[in-house]
Amino acid sequence: MISIKDQILNIRQKQQQDTEPDREPLLNTENYNKMVKMNSQTACSTDVGSMEDLMQTSLKQGLSSKEVTHRQKLYGGNDFDVGEETPIWKKYLMMFKEPMIILLLVSGFVSICMGQYDDAVSITVAVIIVVTVAFIQEYRSDQSVAAITKLVPPTCFCLRDGEWVDFLAENLVPGDIISIETGDRVPADVRLFEAIHLQIDESSFTGEIKPAKKQTGVLSASASLSERNNIALMGTLVCSGKGKGIVFGTGVDSEFGSVFQMMKEEEPPKTPLQKSMDQLGAQLSTYSILIIGFVVFLGWVQKRRIVEMFTIGVSLAVAAIPEGLPIVVTVTLALGVMRMARKNAIVKRLPVVETLGCATVICSDKTGTLTKNEMTVTDLVLPDNRKAMVTGIGYSGHGEVMIDGVAASEFTDLSLTQLVKTGCLCNNASIRNGSLHGQATEGAIVAVGLKVGLIRLGDEYTRVDEIPFSSETKWMAVKTKKTWAYNNEAEEVYHVKGAVERVLDKCRTSYHDGGSVVMTNNKRKEILDAAHQLASRGLRVIAFAHGKDLSNLTYLGLAGIIDPPRRGVPESIQVLQDSGVQVKMITGDAKDTAVAVAQAIGLKVTEQRNVISGEQLESMDCYELRRVIEQISIFYRVSPKNKVTIVKALQELGHVVGMTGDGVNDAVALKCADIGIAMGKCGTDVAKEAADMILADDDFGTIMSALAEGKGIYYNIRNFVRFQLSTSIAAISLIMISTLMKLPNPLNAMQILWINIIMDGPPAQSLGVEPVDSDIMKRKPRSVRSPMINTYLILQVLTSATLIVLGTLFIFWREMADNIVTPRDTTMTFTCFVFFDMFNAMSCRSQTKSIFQIGFFTNKMFLYAVFGSLIGQSLVVYCPPLQAIFQTEALSFFDICTLIALASSVLVLDEVRKFFRRRYQRLEIRNRKYKLDIV
C-alpha cells in the first residue's frame, strides 16, 4: 500500500516535470483515483499540510476554475444519483397488473373462447384506453412531485481563484476550500484546518444529541466516526462557531453517500390525506363489489347470458371503484405546492399543504418576518448620556453621526470612537460595494463605523478569540490585540455587545474622558431609562462594553436600531384574525420594543393581559400556562426553550400551530410546530432544514397566501370526491335497478368503461386546480378531526346521483317503448348519462357559490377537459369505427338538445340548493350580530 508521503512525492515530481505555461491540471488520472478513495478515517489521521499537498489545493487560494472544471468531469456533481428510472414502457406494462384490468382481460379471453369476437375486441380496446388514461395520470403525479425536490438547492461559501464566493453546493469538488459558520449545513465531507468554537450536530450519524466540539489536530486512524472531531460530515448542522476545511468527499463518496445508497431503496410514506383517501377508496370498493356481485348473481338467476353479466359486472367495478382518488389527491397537492412556490412559499412536504388549511395559530418571529430586517442605526447614547443622531440608510457609509447638530468623526469625540470601535470589532459582518455579508444587525453597526471613518480596524487589530452570541447568554464577545505592537506584550481586550441588562451585569465602570468611573446604581438606572426611551419608539437596543476581564467591563454606550414593519403586514394580520387565526409575536427584544412594533402592525396589546416574558413563562406550571396562553399576543425576551414551550402548550389545547423563525435557536420550535416556516433570505440552513415551508421573500403576507392556497386545495379535493362519488353511485344504481326491474342493461361494458374515463379523467382532475376562492380566508380553519365526507356532502352526492339515475332511466324507458333494445336506445341512454356527468362536474366546482358567481371561464383547465370529453363523446356517437366498438349510432340535433335540456336539471337543482344555502347563512349571520348587539 502506497503511503501518503509517497503519494505526495509522486505528485511533486509530476509538478516539476510539467513546466508548460498552459499545462493541464496537476493531477493525473491515477492520482485522482487515489484522491477519490480518501474517506473520513484516512482524512482524520492526515495532517493539514499533507492534506493540502495530497488534494493539490491551496489554503489561501483554493482551486482554480480550470482545475475545478477538470475535476468535475472526473467526479461529477456533489449530488446523488437516484438510480436508473424504470423505463416508461415498463411502467406502462405494470399498469396491467391491476386486479380489475386482469378481470377484464379474462372476460375478453372468455368471449374469444365462446366465439364472441366483437365483445373481445371491444374489451381489448377498453382495457387499452383505461390503462393509458391511468398511466398518464400517474406519470403526471410523479413529475409534479419530482419537481418539488428542486425548489430548495443548498448553497455553500467556497474559496475559488483566491476569492470567497457563494454558489450551489452541487458544484463542489474534492480539494475545494470551504467556510462554515453557525446555522450552515456542511455541504461535503471536510478535513478542518480552522475551528473557532465550532460545534456541529452529528446526531444523524452518531446518535449523540449533544453537538460535537471540533478541533484541527491529527487523530488516530482507529478513531470511531463519533470521535473524528477534525472532520465535518456532509449533511450535519453547525450549531455554533465557525471553521474552514478542505473538501475530500463529495456525493456518493461521502459518509452520507453510503447512507444514501441504502436510503434510496425506501419508498416515501403517503400523506395523511392520501391515507384517508385510500381508506375511503377501500370502503367504497368493498361496498361496490358487494353490490356488483349481487347484480351479477341476480342476472344469473334471471338466466341472462353469464358472459354478458360477468363483463358488465367487471366493467361496472372498474367504473365504480374510485382508484383515481389517491392519484388526484397527489396531483392536486403537488400542483398546489408549485403554485405556492410561484408565490414565494416553498413547501418541502406534501402533507403541509393539507395542514395549512387547518392552522389556528401563527407564532411569528418579529425580525425579518413582521419587520423588513433592514437594520439601520438611528440613535446612539454615549456613556455621559449625550445623544447622537445617525443619518443615512442602507449598508453604506452615506450619512453622518450628529452630536448637538455637529457632524462627528473618530477624531472629534473619543467616547463615540470607543463605542463604534467596539461595535465594529465585536462583529462578523462586512460591507463591500454596498452589499452586506453577514447579519443585518451587525451590518448596521459596521455602517456607523464607515460614517465616522473607522475603515481600517481589521488591519489595526488581530482577533485572538471569539465567544459567539447565543440565545441563552444574549451577548457576544471578541478578544483582540493590536496588530503592530512595539513588544510582544500587547494588551488583549474583550469587546462585548448584547442585550442591555446582560451587558450591564458585566460592567463595573463607565467610560469617561479617556478613562473610567465606577458604575453606580443611579448610573445603571439612567442607562436603563435611556434604553427604555429608545425601545418605546420601536428601536432594538444594543449595549456595548470593553475590558480585559469579562466580569469587569467598562460600559461604552447604547445603539438604537430601527427595523420598520413590512408593508402589508397590518392588513394581513387583520385578515387572519378575522378568519379565526390567532397571531402571536415572539421576539428576543425588550418589552418596550416588542409592544411598540406590535402596535404598529395592528396586534391588540394590553400590557397586563397580552404581554409576557420568557422568564415569566419559565416560572409557570403547565396548568397555569395553558390557562393564559390563548390571551397572550406578545412573547418577549424568549429563549429557544421558551419557544418550544409556547408551541407545545398551544398544541395541548388542540391548536394547529404555525411557527416562523430564521435562526439556529428557532430550529427546535420549527420542528415541534405543526407547520414550521423558515425565512428563505435571512434564514439559516438549520432553520430551513427543520421547517416544513420556506418563505423565499421573508414576507409575512406570503403566509396568508399559503394558508389560502391550503384551504383552497382541501375544498378542491372535496369537490372532486363529491363528483366521483355521485357518478359512481349513479352508475351502480342504474345497472342494479335495471336488473331488479328485469330490464335489459341500459349500458354495455364499453360504455361503462368510457364513463369511467370521464369520471377519473380530465374533467374530474380539473376540479383539483380550481382557482382559490377570493372569500376563502373568511372561513374559519377546518378542524383536523372533521371528516371529509360529512352529512351535508352525502346529501349532495345522493341528490345528484338520484337525479342522474332517474333522468337516464327515463330516457331508456322512453326509447325502449317497443321492448326491443336497439343501438339508438343505448346511445341515447349512454349520451344522457355522459351529459349528466358534465353538468354534475360543473355544479361541483363550488360547494356554496353559484356558477355565475365563480364564472364559467375562471378554470380554463375545466373548460378544456369538458370540451375534450364532449368531442370524445361526439366521436363515439358519430365516427363509424367507434360506433362499431361502442355499439352506438348517430343522433339527431333534436336528440342532443333534448338530452342537454334534461341533463342540465342536475345543475339547475344544485343552483337552487346553493341559493337557499347562502340565504340561510346570511340569516344566521344577521341573527348572530343581532344577539351580540343585544348583549
Side-chain angles (χ1 to χ4, degrees), residues 361-381 387 389-395 439-441 443-444 499-500 528-542 558-579 581-614 631-638 643 646 658-663 666 677 679 681-682 695 697-705 707 777:
V361 178
I362 299 295
C363 295
S364 179
D365 185 39
K366 177 182 75 69
T367 304
T369 309
L370 300 175
T371 58
K372 291 183 177 180
N373 197 27
E374 295 177 357
M375 302 294 191
T376 301
V377 176
T378 59
D379 296 76
L380 296 174
V381 179
K387 307 293 192 301
M389 305 302 294
V390 184
T391 64
I393 60 174
Y395 302 111
Q439 296 183 354
T441 302
V500 178
L528 291 173
D529 288 342
H532 174 76
Q533 291 177 7
L534 293 176
S536 64
R537 292 163 46 200
L539 302 180
R540 170 178 288 186
V541 184
I542 297 179
L558 305 173
I561 304 176
I562 190 171
D563 185 13
R566 283 185 176 273
R567 185 177 62 181
V569 166
E571 293 80 4
S572 298
I573 288 178
Q574 186 64 45
V575 172
L576 287 172
Q577 291 177 335
D578 290 344
S579 67
V581 179
Q582 299 180 35
V583 180
K584 300 181 184 297
M585 187 176 80
I586 300 178
T587 179
D589 285 336
K591 180 178 180 180
D592 297 326
T593 303
V595 170
V597 172
Q599 291 173 338
I601 62 176
L603 283 177
K604 296 179 181 178
V605 182
T606 304
E607 291 193 17
Q608 291 75 15
R609 295 185 57 193
N610 303 106
V611 184
I612 194 171
S613 69
Q631 283 72 47
I632 305 299
S633 299
I634 302 173
F635 299 88
Y636 68 95
R637 288 293 191 226
V638 295
K643 294 181 181 182
I646 294 167
M659 174 77 195
T660 74
D662 57 4
D666 299 320
I677 306 170
M679 303 299 107
K681 289 183 177 178
C682 65
L695 302 184
D697 56 359
D698 294 6
D699 192 347
F700 185 83
T702 304
I703 297 177
M704 190 178 69
S705 300
L707 290 176
M777 286 305 294

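Counting from 1, the numbers follow the sequence of the chain as shown.
- For the pair Pro564/Thr371, no side-chain contact is recorded, criterion being any heavy-atom separation below 4.5 Å from C-beta on.
- Summarising the geometry, atom CD1 belonging to Ile634 is positioned 11.0 Å from atom NZ belonging to Lys366; distances are rounded to the nearest 0.5 Å.
- The side chain to side chain donor-acceptor pair (under 3.5 Å) pairs that include a residue from residues 530-539 are Asp379-Arg537, His532-Asp592, where partners are two or more places apart or lie in different chains.
- Residues that satisfy the salt bridge (Lys or Arg N to Asp or Glu O under 4.0 Å) test with Arg566, not counting sequence neighbours, are absent from this structure.
- The CD1 atom of Ile646 sits 8.5 Å away from the CD1 atom of Ile612 when rounded to the nearest 0.5 Å.
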*Can you list the steps and then say if Thr587 with Asp365 is a side chain to side chain donor-acceptor pair (under 3.5 Å)?*
CA-CA 6 Å; Thr587 179; Asp365 185 39; 5.4 Å; no
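- Side-chain contact between Leu539 and Thr593: absent, with no pair of heavy atoms (C-beta onward) separated by less than 4.5 Å.
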_For a side-chain contact (heavy atoms from CB on, under 4.5 Å) check, start with the C-alpha distance between Leu576 and Met704, then their side-chain angles and the critical distance, and finish with the verdict._
CA-CA 7 Å; Leu576 287 172; Met704 190 178 69; 4.2 Å; yes
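- Shortest non-hydrogen contact noted between Val381 and Ala530 is CG1-CB, 4.2 Å.
- One finds the CE atom of Met679 at 9.0 Å from the OG1 atom of Thr702 (value rounded to the nearest 0.5 Å).
- In terms of heavy-atom proximity, Ser572 sits nearest to Gly701 at OG-CA, 3.6 Å.
- For the pair Ala444 and Ile561, the tightest heavy-atom approach, listed with the atom from each and the gap, is CB-CG2, 4.4 Å.
- Within the 4.5 Å cutoff, side-chain heavy atoms of Lys584 are placed close to those of Phe635.
- Of all heavy-atom pairs between Ala559 and Val377, the closest is CB-CG1, 4.4 Å.
- A heavy-atom distance below 4.5 Å is not found between the side chains of Met375 and Ile562.
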_Apply side-chain contact (heavy atoms from CB on, under 4.5 Å) to residues Val575 and Glu571 and explain how you reach the verdict._
CA-CA 6 Å; Val575 172; Glu571 293 80 4; 5.6 Å; no
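- Considering only heavy atoms from C-beta on, Ile703 comes within 4.5 Å of Leu695 through its side chain.
- Residues Met585 and Leu370 have side chains in contact (heavy-atom distance under 4.5 Å, counting atoms from C-beta outward).
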*Quick one: do Ile586 and Tyr636 satisfy side-chain contact (heavy atoms from CB on, under 4.5 Å)? Show the steps, please.*
CA-CA 6 Å; Ile586 300 178; Tyr636 68 95; over 6 Å; no
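- For the atom pair CD (Gln574) and OG (Ser579), the distance works out to 10.0 Å, reported to the nearest 0.5 Å.
- Taking both residues in full, the closest heavy atoms of Val500 and Ala531 are given as CG2-CB, 4.1 Å, listed atom of the first, atom of the second, then distance.
- Between Ile362 and Gln582, the closest side-chain pair of non-hydrogen atoms is not below 4.5 Å.
- With contacts defined as side-chain heavy-atom distances shorter than 4.5 Å, the pair Lys643/Met659 qualifies.
- Rounding to the nearest 0.5 Å gives a distance of 10.0 Å between SG of Cys363 and CD1 of Ile677.
- Taken from CG in Leu603 to CG in Asn610, the straight-line distance is 9.0 Å, to the nearest 0.5 Å.
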